[in-house]
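Single-structure report; data block below.
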Amino acid sequence: MTLIKTDGSHFPTSPTLFNDLFTREMWNLGLENNSRTGTTIPAVNIKETDDHFEVDMAAPGMEKDDFRIELDGTQLTIFSEKEHEEEHREGDKYSRKEFSYQSFVRTFELPKEVVDDDRIEARYAAGVLKLLIPKKEAATHKPKRMINIK
């Protein structure tokens with residue numbers, strides 16, 4: 001059996017660059033959906049609140065020591081490298097094997113002058129890497145207030 005990944009268009013073999021042109025987010029620096037090793041790069045959800053950003057990266061099967069997170073100016077980069085552990089049993093016959101997060105790099109551009117980089121927190125649990133990126137106090141949304149007319 002052959003599986004073809006498609007986005008629902010009539011041209012499943014067309015380059016994804018054209019499709020990504022309209023769907024790629026500003027946070028992503030335009031990496032393809034595959035790493036250098038041919039494995040899938042984990043999906044990311046990014047949510048902005050009044051006082052912080054939340055980044056959730058789905059990376060099941062990893063351990064917290066498999067990640068390295070760096071902040072260089074406004075570029076946040078998440079690295080992961082895991083030795084590939086392949087177990088073959090007598091009689092196993094795969095027609096397709098895609099479970100693999102051996103190594104990947106994801107880089108995101110953070111909004112300039114908004115992020116309080118001294119307070120960034122990260123944790124990994126239940127297959128999800130979570131980052132909490134606080135905004136500087138000057139960049140947070142302040143509640144509406146009344147201004148007196150004199």
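By convention here, the first residue in the shown sequence is residue 1.
We find the NZ-CD distance between Lys135 and Glu48 to be 3.5 Å, quoted to the nearest 0.5 Å. Interatomic distance, Ile69 CD1 to Leu76 CG, rounded to the nearest 0.5 Å: 7.0 Å. The structure places CG of Leu131 at 11.5 Å from NE2 of His52, a figure rounded to the nearest 0.5 Å. Here the CG-CZ distance, from Leu132 to Arg119, works out to 8.5 Å after rounding to the nearest 0.5 Å. Atom CG of Leu110 and atom CZ of Phe53 lie 7.5 Å apart (nearest 0.5 Å). With values rounded to the nearest 0.5 angstrom, Glu70 atom CD is found 11.0 Å from Gln75 atom CD.
Listed here is the closest heavy atom pair of Thr140 and Glu137: OG1-O, 2.8 Å. Here the shortest heavy-atom pairing between Arg106 and Pro42 reads NH1-O, 2.8 Å.
Other residues, nucleotides and ligands place no more than 12 heavy atoms under 6.0 Å from the CG atom of Asp72.
When hydrophobic clusters are built by joining Ile, Leu, Val, Met, Phe, Trp and Tyr residues whose side-chain heavy atoms come closer than 4.5 Å, directly or via intermediates, Val114 is grouped together with Phe108. Hydrophobic clustering keeps Val128 apart from Ile41 (ILVMFWY residues linked when any side-chain heavy atoms are closer than 4.5 Å, directly or through intermediates).
Listed for the Thr74 side chain is no donor-acceptor partner under 3.5 Å among the backbone atoms of Lys112.
Between the side chains of Thr77 and Thr107, at least one donor N or O sits under 3.5 Å from an acceptor N or O.
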(request) Please assess Lys130 against Val55 for the test side chain to side chain contact (heavy atoms under 4.5 Å, CB included), listing each intermediate value before the final yes or no. (result) CA-CA 6 Å; Lys130 293 182 173 280; Val55 178; over 6 Å; no
(request) Applying side chain to side chain contact (heavy atoms under 4.5 Å, CB included), run through Met62 and Ser80 and close with a yes or a no. (result) CA-CA 9 Å; Met62 306 295 284; Ser80 178; 2.4 Å; yes
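Contact check for Lys136 versus Val115: no side-chain heavy atoms found under the 4.5 Å cut-off. Inter-residue side-chain proximity for Met57 and Ile78 is flagged as met; some heavy-atom pair is nearer than 4.5 Å.
Under 4.0 Å is where a charged nitrogen must lie from a carboxylate oxygen, and between Arg123 and Glu121 no such pair does.
Ring centroids of Phe67 and Tyr124 are separated by less than 6.0 Å, placing the two rings close together.
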